[in-house]
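Let me begin by presenting the structure, written as structure tokens, before commenting on it.
Below, chains carry the letters A, B, ... as their sequence lines are ordered, and counting in each starts from 1.
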Number of protein chains: 2
Amino acid sequence: MKLKDFAKQLGLSKTTVSRALSGYPEVSEVTRARVVEEAVRLGYRPNVNAVRLKTGRVGAIGVVMGRAGEFHFAEFMAGMAERLVTEDTDILVIPMADPEYDAEMQLYKRLAESQRVDAIIMHSPRPNDQRIALLHELGLPFLVHGRSDIDVPHPWLDIDNEGAVRRATSHLIDLGHTRIAMINGRQGATYALHRDIGYRGALQSHGIEIDPQLIANGNFTDEIGFRFARSFLEQPKPPTAFVAGSMMTALGIYRAARSLGLQIGTDVSVIAHDDVFPYLTADNMVPSLTATRSSMRAAGTRCADLVLQLLAGRSPLEIHELWPVELILRESTGPVRTDQT
Amino acid sequence: MKLKDFAKQLGLSKTTVSRALSGYPEVSEVTRARVVEEAVRLGYRPNVNAVRLKTGRVGAIGVVMGRAGEFHFAEFMAGMAERLVTEDTDILVIPMADPEYDAEMQLYKRLAESQRVDAIIMHSPRPNDQRIALLHELGLPFLVHGRSDIDVPHPWLDIDNEGAVRRATSHLIDLGHTRIAMINGRQGATYALHRDIGYRGALQSHGIEIDPQLIANGNFTDEIGFRFARSFLEQPKPPTAFVAGSMMTALGIYRAARSLGLQIGTDVSVIAHDDVFPYLTADNMVPSLTATRSSMRAAGTRCADLVLQLLAGRSPLEIHELWPVELILRESTGPVRTDQT
DNA sequence: ATACTTTTTCAAATCGATTTCAATTTTGTT
DNA sequence: AACAAAATTGAAATCGATTTGAAAAAGTAT
């Protein structure tokens, strides 16, 4: 059913029908009501591609997806979906061949030229991230989930990674720990850097020397958590506490500690960052996990919201949201054992 | 840069340029070479929306996403992305307000009418799933990830859930277990039904009575695993083994067993289904988890592939793929303790 | 050189909507 | 009732490509 046919059925012009459906004020309420009602009855719905061609609006927000099967991703998208479901806007997942810089730059260029999406949400930016410069140049509206120190204005939403880790680390220090290990995310991303800064900052401000042997970087997997925790704990001077980047990492650390006969919460303290997953909760771990918490889903919802605002004309320059992170104390952290220090 | 301008620059007509770029044979090789080269140099790229309007092809495959933040989802999509990255096709995630039947039916109708996607991948179908009937009726190409017994032909890819669980259960029976609990996925989906059939079948063919008290259904979460395992184990006649629907469920069962001082692999055996996640591996659990395994990512890749074939004209009638599921024996299963039976 | 293919190119129609500008109808005022 | 102002409607242009059918150019055979 095309507009032309539909209009003919109603005995109206295409113009009037189109206006009635798009809510323009120049059409009488009685006509509009009739048009809307008949549209539902006859099942008329504008062809998206025609609308898109004419208006230049696509009705889709792009999210670039790397190969790594990030479990965060699904949560973030679920959050976006929550906001977008009422908006007639969908999410375009753009597969990226290689998480290589060049490939991604090309991808953005193509996206901008081909008008597949109205805006892009970019993840895990790096310090001085040239992708941001490119997006800015291309004029394609975008929002960064995370931040970059690049000298180009960009709208972003980020959580206070530095503050979160600083607090977590400080808390461990307050409990008497001095050998605190850090199993961070992959090197390169700003968030990993911020966490590193928070960690170092906390130690330094308490006059504790930083031991590079206690710092590791890697994917957010159980495997990484286990491997590094195990190797750290087998050092001559093992850590008495861990700060970890994710729940999965924490699972690995738990496993490593157990495998060495160490009790979490007494022999070894653990704090991890919790993105709040419906399927795995910090409170349910044994012992329950002390965590810095921030909902990934909520971030997705808000990012979608901000992008809509951006598209509605809000200035990108004023969009900067830094979300505080809660520290939830549970059983996995405890005072350092006096014979350990 | 529009086709018109670009053609003018080259001194050719729009027709010839369009043909040259789309690889039609009616254009001389020397002209084509020039056009292609100049397109790259001048950065001309056809406007997708115009192409889509004209050709009726959208270049996107739709995946309906429920609210539940399924961790499988990201893996499946990562798999799809792997296949689609080389095609010029993207993934459209369609948010669904409520996982209600009616709402979803409406959604499919809207999708078909508005031509947002070329095809749809549908997840977790139910027995006699009317959504399949609807999609069939609408003429929107689709692929079902899973199966339904509905009396409408539909292309599908599924794993052998029944066989997997039958084997898992039989294995436990071979180890001497007779009180075997089943923590299945949410009731309603065909896969849950198939698993249930496999479970019951294995018990029955060994002459073991089915105890409804040992069967539970719920989301794939640590929480569900814990709660049911705990309540089962506290029964007067507790199970000595568990068959579980997911790794997360298994985590919960492990936790429940531990909380009751039971050793996994000796006091209680556990087999779970493993969708193969990069961040959490069955082999790394302690003790390592015996699992029925099938890669969700591979399924995503193959589903994307099949949809492309569908769009290329392959008959939906002949697309039925049933993937076998491996059973990987590890430490979480062992012979029943003789004092238990 | 002519007639006839074959190859290459192009003008114009088309896809299905939105929107400008003009025409018509309705309402309000005197 | 006459006229202006406001409200409503519609014809035609437009978005940027693809594709049909016709024409021009090149190639081949007589």
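Contact between the side-chain N/O atoms of A/S18 and the OP1/OP2 oxygens of C/dA17 is not found at any separation under 4.0 Å. Dashed line: the shortest gap from a side-chain N or O of B/Y44 to OP1 or OP2 of D/dA17 is under 4.0 Å.
Remark: side-chain polar atoms of B/R34 are paired, donor with acceptor, to backbone N or O of B/L10 under 3.5 angstrom.
Checking D/dA12, D/dC15, D/dT18 against every side-chain atom of B/T55, the shortest atom distance belongs to D/dT18. Residue B/V27 places its side chain closer to C/dT9 than to any other of D/dG10, C/dT9, C/dT19. Relative to the side chain of B/T16, the nucleotides D/dT18, D/dG10, C/dT9 differ in distance, and C/dT9 lies closest. For B/S13, the listed nucleotide lying nearest its side chain is C/dA11; candidates were D/dG10, C/dT19, C/dA11.
One N or O donor and one acceptor, one from the side chain of A/T15 and one from the base of C/dT19, sit under 3.5 Å apart. Scanning atom types as modelled, one donor and one acceptor separated by under 3.5 angstrom connect the side chain of A/R19 and the base of D/dG10.
Between the P atom of D/dT9 and the CZ atom of A/R32 lies a distance of 10 Å, rounded to the nearest Å. Nucleotide D/dA25 holds its C1' atom 16 Å from the CD atom of B/E26, rounded to whole Å. Rounded to a whole Å, the NZ atom of B/K4 is 12 Å from the C1' atom of D/dA13. With rounding to whole Å, B/E29 atom CD is found 15 Å from C/dT9 atom C1'. The interatomic distance linking B/N49 (CG) with C/dT18 (P) rounds to 14 Å, in whole Å. Straight-line distance from the CG atom of A/L53 to the C1' atom of C/dT19: 13 Å, rounded to whole Å. Between A/K2 atom NZ and C/dG16 atom C1' the separation is 7 Å, expressed in whole Å. Rounded to an integer number of Å, the gap from B/N47 CG to D/dC15 C1' is 8 Å.
Each of B/T31 and B/K54 lies near DNA chain C, and the nucleotide nearest B/T31 is the one positioned closer to the 5' end.
The residues A/K8 and A/D5 are annotated as not salt-bridged, no charged nitrogen and carboxylate oxygen being separated by less than 4.0 angstrom. Ion pairing between a basic and an acidic side chain is recognised when a charged N comes within 4.0 Å of a carboxylate O; A/R41 and A/E37 show no such pairing.
Summary for the helix from C/dA1-D/dT30 to C/dT30-D/dA1: the axes at its two ends, each from 5 pairs, differ by 40° when rounded to the nearest 10 degrees.
Defined by atom type and a distance below 3.5 Å, a donor-acceptor pair is missing between the side-chain atoms of B/S18 and B/T15.
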Inset, instruction - Determine, step by step, whether A/H154 and A/F142 satisfy the ring pair (Phe, Tyr, Trp, His ring centres under 6.0 Å) criterion, reporting the C-alpha distance in whole Å, the side-chain angles of both residues, the deciding distance to 0.1 Å, and the verdict. - result: CA-CA 8 Å; A/H154 56 283; A/F142 68 101; 7.0 Å; no

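Taking the side chain as every heavy atom from C-beta outward, B/V276 and B/E75 never approach each other to under 4.5 Å. No side-chain heavy atom of A/V64 sits less than 4.5 Å from a side-chain heavy atom of A/H123.
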